[in-house]
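Heads up, the thing below is written out as structure tokens.
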Amino acid sequence: MGLFDRFVPKFCKQYLQVGTQIEESLQAYVREVSGGQFPTCEHSFKMSTKEYDEFKESALALKNPSVDSAFVQVQSKKTKKTTGDLAVQQA
């Protein structure tokens with residue numbers, strides 16, 4: 001497929017050079033996330049506060065430290081409430 005730019009295994013044929021495209025795409029993603037341009041409301045799901053609370057209660061009942069820390073991180077970020085909906089956005 002063309003994932004390699006410095007070394008091409010003898011048994012491979014490069015039909016397309018996608019390694020460079022993947023690298024550039026990942027760099028753009030990191031730039032946009034770091035800069036706060038992504039994700040936006042357009043790329044986010046909304047749920048009512050009631051649904052969120054029910055989901056959180058179910059998730060925390062799993063007693064998984066990763067889940068617990070994820071909710072702590074979400075609570076520390078900016079939130080936006082609109083007509084009873086809760087949308088979590090990047091700070």
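These numbers come from a predicted model, not from an experiment.
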- Message: So for atom CD, which belongs to Glu57, do other residues, nucleotides or ligands contribute more than 12 heavy atoms lying within a distance under 6.0 Å?
- Response: no
- Same cluster (ILVMFWY, side-chain, under 4.5 Å), Val18 and Leu26: yes
- Message: Can you tell me how far apart CZ (Phe7) and SG (Cys12) are? Round to the nearest 0.5 Å.
- Response: 8.0 Å
- Task: Any chance you could measure Lys46, atom NZ, to Glu51, atom CD, to the nearest 0.5 Å?
- Result: 13.0 Å
- Rounded to the nearest 0.5 angstrom, the CG-CE distance for Asp53 and Met47 is 10.0 Å
- Note on the structure: Closest heavy-atom pair, Gln37 versus Arg31, reported as atoms and distance to 0.1 Å, is OE1-O, 3.7 Å
- Distance (rounded to the nearest 0.5 Å) between Gln27 CD and Ile22 CD1: 12.5 Å
